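Please read these numbers as outputs of a predicted model, since none were measured by experiment.
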Amino acid sequence: MPRARCWAWYGESGAGKSVAGLAIIGLIDPPGRISGGEIYLSGLRIDNLPPEEMRRIRGKRIGMIFQDPLTSLNPLYKIGDQLVETIRTHLNLSESRARKRAIDLLAEVGIPAPDKAHRCLSARIFRRHAPARRDRAWRSAPNRN
Ligand SMILES: Nc1ncnc2c1ncn2[C@@H]1O[C@H](COP(=O)(O)OP(=O)(O)O)[C@@H](O)[C@H]1O
Ligand SMILES: [Mg+2]
């Protein structure tokens with residue numbers, strides 16, 4: 001895949017797109033396994049890396065936007081804490097700098113009052129803002145389906 005380009009990958013439901021994506025980022029659950037082939041990221045073979053090394057790459061250099069974003073965050077934890085945990089896994093930042101970055105990210109995706117919102121449970125953020133954001137995305141791109 002060329003650098004900084006978008007590629008679409010399509011196939012009928014059940015064809016194996018999601019499973020292939022999970023295999024690429026090393027998230028196939030046992031007893032599932034990659035039975036053949038090799039996966040490279042910028043020349044580095046990544047399908048046989050130890051889990052800890054793959055964890056450092058995943059979420060920083062390679063990631064997956066899951067089909068249902070509402071299940072990707074734990075609704076019972078504060079949104080800011082979850083963002084800070086992920087940011088600090090990948091960037092060598094203090095808690096307070098990671099917190100500032102988390103608040104900036106909330107602002108970037110249009111969550112109102114991000115300086116307060118980061119202390120809310122993610123369930124509350126979803127309930128309040130997810131439907132509105134879907135509407136807004138739809139209105140700004142009416143021809144997309
Ligand atoms: N390469 C594969 N090896 C074994 N099973 C697979 C493979 N790809 C897909 N499957 C099976 O097919 C099912 C549907 O695949 P999935 O990746 O969810 O399809 P899609 O995302 O294209 O709709 C998976 O749950 C899995 O059981
Ligand atoms: Mg799928």
Nearest 0.5 angstrom please: [X] [atom1] to [Y] [atom2], how far?
X: K78; Y: C120; atom1: NZ; atom2: SG; value: 9.0 Å
X: R97; Y: L91; atom1: CZ; atom2: CG; value: 9.5 Å
X: I57; Y: E52; atom1: CD1; atom2: CD; value: 11.0 Å
X: L105; Y: K100; atom1: CG; atom2: NZ; value: 10.0 Å
X: T86; Y: R101; atom1: OG1; atom2: CZ; value: 12.0 Å

Tell me whether the count of non-hydrogen atoms from other residues, nucleotides or ligands lying under 6.0 Å of [atom1] in [X] goes above 12.
X: R45; atom1: CZ; value: yes
X: E12; atom1: CD; value: no
X: K17; atom1: NZ; value: yes
X: N92; atom1: CG; value: no

In terms of hydrophobic clustering (I, L, V, M, F, W, Y; side-chain heavy atoms under 4.5 Å; direct or indirect links), are [X] and [Y] co-clustered?
X: I62; Y: M64; answer: yes
X: I25; Y: L44; answer: yes
X: M54; Y: Y40; answer: no
X: L41; Y: L22; answer: yes
X: V19; Y: I24; answer: yes

If I compare all heavy atoms of [X] with all of [Y], which pair ends up nearest, and what's the gap?
X: R58; Y: H90; answer: O-CE1, 2.8 Å
X: G21; Y: W9; answer: N-CZ3, 4.4 Å
X: R33; Y: I28; answer: N-CG2, 3.7 Å
X: A102; Y: V84; answer: CB-CG2, 4.2 Å
X: A117; Y: P112; answer: CB-O, 3.9 Å
X: I34; Y: A23; answer: CD1-O, 3.7 Å

P114 and its side-chain contact (heavy atoms from CB on, under 4.5 Å) partner, picked from I79, I103, V109, D104: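 Of the listed residues I79, I103, V109, D104, the side-chain contact (heavy atoms from CB on, under 4.5 Å) partner of P114 is I103.
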Audit row: L106, I125, side-chain contact (heavy atoms from CB on, under 4.5 Å) steps and yes/no: CA-CA 10 Å; L106 290 172; I125 302 284; 5.7 Å; no
Lys/Arg N to Asp/Glu carboxylate O, R99 vs D81, below 4.0 Å: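 A salt bridge is present here (some side-chain N lies under 4.0 Å from a carboxylate O).
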Residues E53 and R56 bridged, charged N to O under 4.0 Å: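 No salt bridge links E53 with R56.
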